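Here is the structure we will look at, set down as C-alpha cells.
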Amino acid sequence: MLNLKFIQENPELVIERLAVKRFDARVIVEKVIALYKRRNEVQSESEIQKAEMNRLSKEIGQLFKDGKSSEANSAKEKTVELKDQIKNFEIEFDAIESELAQLQVLLPNLPSPLVPIGKGAEDNVVVATGGEMPVLPEGAKPHWELAAQYDLIDFELGVKITGAGFPVYKGFGARIQRALINFFLDQARENGYLEVQPPYLVNEASGFGTGQLPDKEGQMYHDKTDNLYLIPTAEVPVTNIFRDVIVEAKDLPIKTAAYSACFRREAGSYGKDVRGLNRLHQFDKVEIVRIAHPDKSYESLDEMVAYVQSLVEKLGLPYRILRLCGGDMGFTSAITYDFEVWSAAQERWLEVSSVSNFESFQATRLKLRFREEGHAKPQIAHTLNGSALALPRIVAAILENYQTTDGIRVPKVLVPYLGGCEIIR
RNA sequence: GGAGAGAUGGCAGAGUGGUCGAUUGCGGCGGUCUUGAAAACCGUUGUACCGAGAGGUACCGGGGGUUCGAAUCCCUCUCUCUCCGCCA
C-alpha cells in the first residue's frame with residue numbers, strides 16, 4: 001500500500017500515475033488528505049492532554065507518598081474532565097485511523113514510468129523474443145490429446161476425485177513434473193537463491209501482507225474452521241517470511257526460491273482458455289522472491305528477467321517477453337514482465353511467468369525494512385518476485401512442441417532428470 | 001480432543017500498582033590497551049507517530065476493563081510449551 005505521508009505530499013503525482021492503471025484516484029486521495037490532516041490535529045491535541053494527565057498522576061503519587069492526602073484528593077478531581085476529553089479524542093482518532101486504513105488499501109501501486117499506456121493485453125509491449133518455432137509433423141495434436149494418448153495426465157480422474165482443474169499426472173506425466181521442479185530448483189540454487197519449503201496454508205496477516213487480502217478472498221480457497229487460506233502462489237508465504245523484519249543493508253538483495261503447489265479458485269473462467277493444462281485450480285510452480293535495496297530493485301528486476309529467460313531458453317521453447325501496459329497490470333505491481341511460450345499445436349502464446357517489482361508497496365504492508373550501516377533509521381525495502389517457472393503450461397508447450405510421430409522428445413536439460421529417457425513413447 | 005504452564009527489548013532473563021521504555025547477562029556498535037587479535041575495561045545500543053525544533057505521545061502477545069496512575073490487578077481472544085489421547 002502507499003504511504004499516507006507520500007499521498008499527502010504528492011497528491012497530483014498519485015492521481016496521474018494511477019490514471020495509467022486506469023484507476024481514478026482523485027476522490028480517495030482527497031479524502032485521505034482531509035482525514036490525514038484531521039488525524040494529526042487530533043493526535044497533537046490529545047497528546048498535550050495526555051502529557052498533562054501524566055504530569056498530574058505523578059504529582060498525585062508524590063502527594064500520597066508525602067502524606068498529603070487531602071491535597072492529593074483535590075488534585076484527583078482535576079483529572080476527571082481531562083480523562084473525558086482524552087477519551088473523546090481517542091474515539092475520534094481511532095475512527096479516523098480505521099477509515100484511513102480502509103481507504104489506503106483501495107489504492108493500487110503506482111506504475112513505474114517505464115510502464116506503457118494501454119487498456120489491455122493488446123497494448124502490452126513485446127520487449128524480446130527467442131527460441132525457434134518448431135515444425136510439427138502432419139496431424140500434430142494439442143497437449144490434452146497427447147496426454148491421453150501417452151497416458152500422462154488423466155483429467156477425468158481428477159474430476160472424479162476432486163473436480164475440474166485438478167488433474168492426475170501418471171507415469172512419465174508425473175515424472176516430468178518432478179523433473180521440472182528439480183531442474184528449476186537446481187537452477188535457482190546455482191544462481192544464488194536460497195531454497196525454502198514454505199507452508200501451503202497461510203493466515204490472514206500473511207494474506208494481507210502480500211496484498212491478496214482484503215478484496216481478493218474469492219481467488220483463494222479458504223478453510224473457515226481455522227481461518228486459513230490455501231496459497232495461490234509461494235510468493236505469499238515466502239514474502240511473509242520477511243513480515244515485521246528489519247534486515248541489514250549489507251545482506252541485500254536477499255534471494256529466495258521455493259517450490260510449491262498453488263491453489264486458485266479462478267472463478268468465472270471457461271472455454272478454450274481452460275482446456276487441458278491451460279488453467280488449473282491446483283498446479284506446481286517454482287517461485288523466486290527478492291528483497292532489494294530501493295536503489296537497486298530495478299537492477300534486481302533485470303537480473304530476474306534474464307534468469308527466467310535463461311530457463312525457457314534451456315528448455316528450448318520459443319518465447320516472448322512482454323512489458324505489461326498499465327491496464328493489464330496487477331494491483332500491487334509497479335512493473336511487470338510476462339513470459340509467454342509458444343504452444344505450437346494450439347497455436348497460441350501461453351503465459352508461464354510473471355516477474356514484477358512491487359517497489360515499496362508490499363513492504364509497506366509487511367513492515368519490511370532495512371537498515372544502512374551504523375545507527376541509521378530503518379527504511380522500507382523493495383520486494384520483487386517471479387515465477388521460475390509455472391509448470392502446467394510449460395508441460396503443455398513441451399508436449400506439443402516436442403511431439404514427433406514416434407513419441408515426445410525430452411528437452412535435453414531434462415534427460416538427466418528423467419533417468420536418461422530421451423523420448424516418451 | 002483433555003489437563004497444566006507461559007507470552008517482557010536481537011537473544012536469554014528480572015520486574016506483582018507510582019520516578020519503568022523497563023535491572024542484569026549475552027550479542028551488536030564505538031573506544032582504551034595491543035605490532036595485530038583475544039581477554040579485560042569504558043561508553044553506547046528498540047520501534048512508530050506528532051512536531052521546524054526543543055520536545056511530546058504510544059508500545060512489555062492482541063483487544064477491553066478497574067485506577068489519579070497498569071508490564072504489574074480483572075475479563076477476553078490468539079499463540080507457544082509440557083503431559084495424556086489420536087496420528088503421517
Side-chain angles (χ1 to χ4, degrees), chain A residues 1-9 32-101 103-104 197 199-209 213-214 222-229 237 240-252 254 261 291 360 363-381:
Chain A
M1 62 193 175
L2 302 177
N3 179 278
L4 290 176
K5 202 174 214 166
F6 178 83
I7 297 170
Q8 192 231 8
E9 286 167 359
V32 165
I33 290 172
L35 282 168
Y36 191 74
K37 182 158 170 276
R38 180 62 191 153
R39 187 193 89 110
N40 289 354
E41 288 166 6
V42 171
Q43 181 171 353
S44 297
E45 279 302 309
S46 85
E47 282 184 0
I48 290 167
Q49 300 191 329
K50 281 181 188 166
E52 172 65 6
M53 189 70 158
N54 288 342
R55 196 188 61 76
L56 272 174
S57 292
K58 276 184 189 170
E59 196 177 296
I60 291 166
Q62 192 56 48
L63 286 171
F64 274 121
K65 205 169 263 178
D66 297 345
K68 301 173 180 168
S69 47
S70 67
E71 287 178 47
N73 283 322
S74 70
K76 267 195 196 182
E77 284 168 26
K78 285 197 270 182
T79 65
V80 176
E81 196 189 344
L82 208 48
K83 242 179 135 174
D84 212 44
Q85 288 174 358
I86 290 170
K87 187 82 192 161
N88 285 337
F89 275 127
E90 268 176 1
I91 289 167
E92 186 179 357
F93 186 80
D94 290 348
I96 293 171
E97 284 274 74
S98 85
E99 205 176 329
L100 274 173
L103 290 171
Q104 206 177 1
Q197 245 189 46
Y200 289 3
L201 285 134
V202 293
N203 56 30
E204 235 172 312
S206 294
F208 179 81
L213 298 176
H222 182 212
D223 167 34
K224 289 190 178 62
T225 311
D226 292 310
N227 195 24
L228 295 173
Y229 295 84
N240 272 282
I241 291 172
F242 303 97
R243 171 152 49 86
D244 291 318
V245 167
I246 301 173
V247 300
E248 298 294 329
K250 68 175 164 50
D251 295 331
L252 299 174
I254 297 170
I291 313 302
S360 59
T364 300
R365 287 179 166 226
L366 292 160
K367 297 194 179 68
L368 162 53
R369 290 160 293 175
F370 72 97
R371 198 196 309 267
E372 303 278 10
E373 294 291 321
H375 299 296
K377 207 171 130 64
Q379 304 171 57
I380 297 290

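Every chain is numbered from 1 and lettered A, B, ... according to where its sequence line falls, protein lines coming before strand lines. The structure displayed is predicted, hence computed values, not measured ones.
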Expressed as a whole number of Å, how far does the [atom1] atom of [N] sit from that of [M]?
| N | M | atom1 | answer |
| --- | --- | --- | --- |
| B:U72 | B:G9 | P | 15 Å |
| B:G15 | B:C81 | P | 24 Å |
| B:A38 | B:U45 | C1' | 23 Å |
| B:A70 | B:C60 | P | 11 Å |
| B:G46 | B:A22 | P | 10 Å |

Could you give me the stems involving RNA chain B, meaning stretches of three or more consecutive Watson-Crick or G-U wobble pairs whose two defining distances are both below 3.5 Å?
B:1-7 with B:78-84, B:10-12 with B:24-26, B:27-32 with B:40-45, B:46-50 with B:55-59, B:61-65 with B:73-77
Could you give all pairs that pass the salt bridge (Lys or Arg N to Asp or Glu O under 4.0 Å) test and reach residues 32-50 of chain A, with sequence neighbours left out?
A:K37-A:E41, A:R38-A:E41, A:R38-A:E92, A:R39-A:E97, A:K50-A:E90
Applying salt bridge (Lys or Arg N to Asp or Glu O under 4.0 Å) as the test, list every pair that has at least one member in residues 69-88 of chain A; sequence neighbours left out.
none
Can you name the residues that form a ring pair (Phe, Tyr, Trp, His ring centres under 6.0 Å) with A:F242, not counting sequence neighbours?
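Once residues adjacent in sequence are excluded, A:F242 has no partner under the ring pair (Phe, Tyr, Trp, His ring centres under 6.0 Å) criterion.
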Can you list the residues that meet the ring pair (Phe, Tyr, Trp, His ring centres under 6.0 Å) rule with A:F93, with sequence neighbours excluded?
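So A:F93 forms no ring pair (Phe, Tyr, Trp, His ring centres under 6.0 Å) with any residue.
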Taking any heavy-atom pair under 4.0 Å as a contact, classify A:E59: base, sugar-phosphate, or nothing.
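Counting heavy atoms under 4.0 Å across all strands, no contact is made by A:E59.
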Using the test side-chain contact (heavy atoms from CB on, under 4.5 Å), find all partners of [X] that sit at least two apart in sequence or belong to another chain.
| X | answer |
| --- | --- |
| A:A34 | none |
| A:P378 | A:I246, A:R369, A:R371 |
| A:E9 | A:K5 |
| A:D223 | A:T225, A:D226 |

Please determine if a side-chain N or O atom of A:N54 lies less than 4.0 Å away from the OP1 or OP2 oxygen of B:A58.
yes
Output a table of nitrogen or oxygen pairs between the protein and nucleotides 47-54 of chain B separated by less than 3.5 Å.
unit_1, atom_1, unit_2, atom_2, d
B:U47, OP1, A:R371, NH1, 2.5
B:U47, OP1, A:R371, NH2, 3.4
B:U47, O3', A:R369, NH1, 3.0
B:A48, OP1, A:R369, NH1, 3.2
B:C49, O3', A:R39, NH2, 3.0
B:C49, O2', A:R39, NH2, 3.4
B:C49, O2', A:Q43, OE1, 2.7
B:C49, O2', A:Q43, NE2, 2.9
B:C49, O2, A:Q43, NE2, 3.3
B:C50, OP1, A:Y36, OH, 2.6
B:C50, O4', A:Q43, NE2, 3.4
B:C50, O2', A:S44, OG, 2.9

Collect all protein-nucleotide pairs involving nucleotides 60-69 of chain B in which both atoms are nitrogen or oxygen and the distance is under 3.5 Å.
unit_1, atom_1, unit_2, atom_2, d
B:C68, O2', A:S57, OG, 3.1
B:G69, OP2, A:K83, NZ, 3.4
B:G69, O4', A:S57, OG, 3.3

Got a sec, which residues hit salt bridge (Lys or Arg N to Asp or Glu O under 4.0 Å) with A:E204, two or more places apart in sequence or on another chain?
none
Evaluation steps, side chain to side chain donor-acceptor pair (under 3.5 Å), between A:N203 and A:S206
CA-CA 6 Å; A:N203 56 30; A:S206 294; 3.2 Å; yes
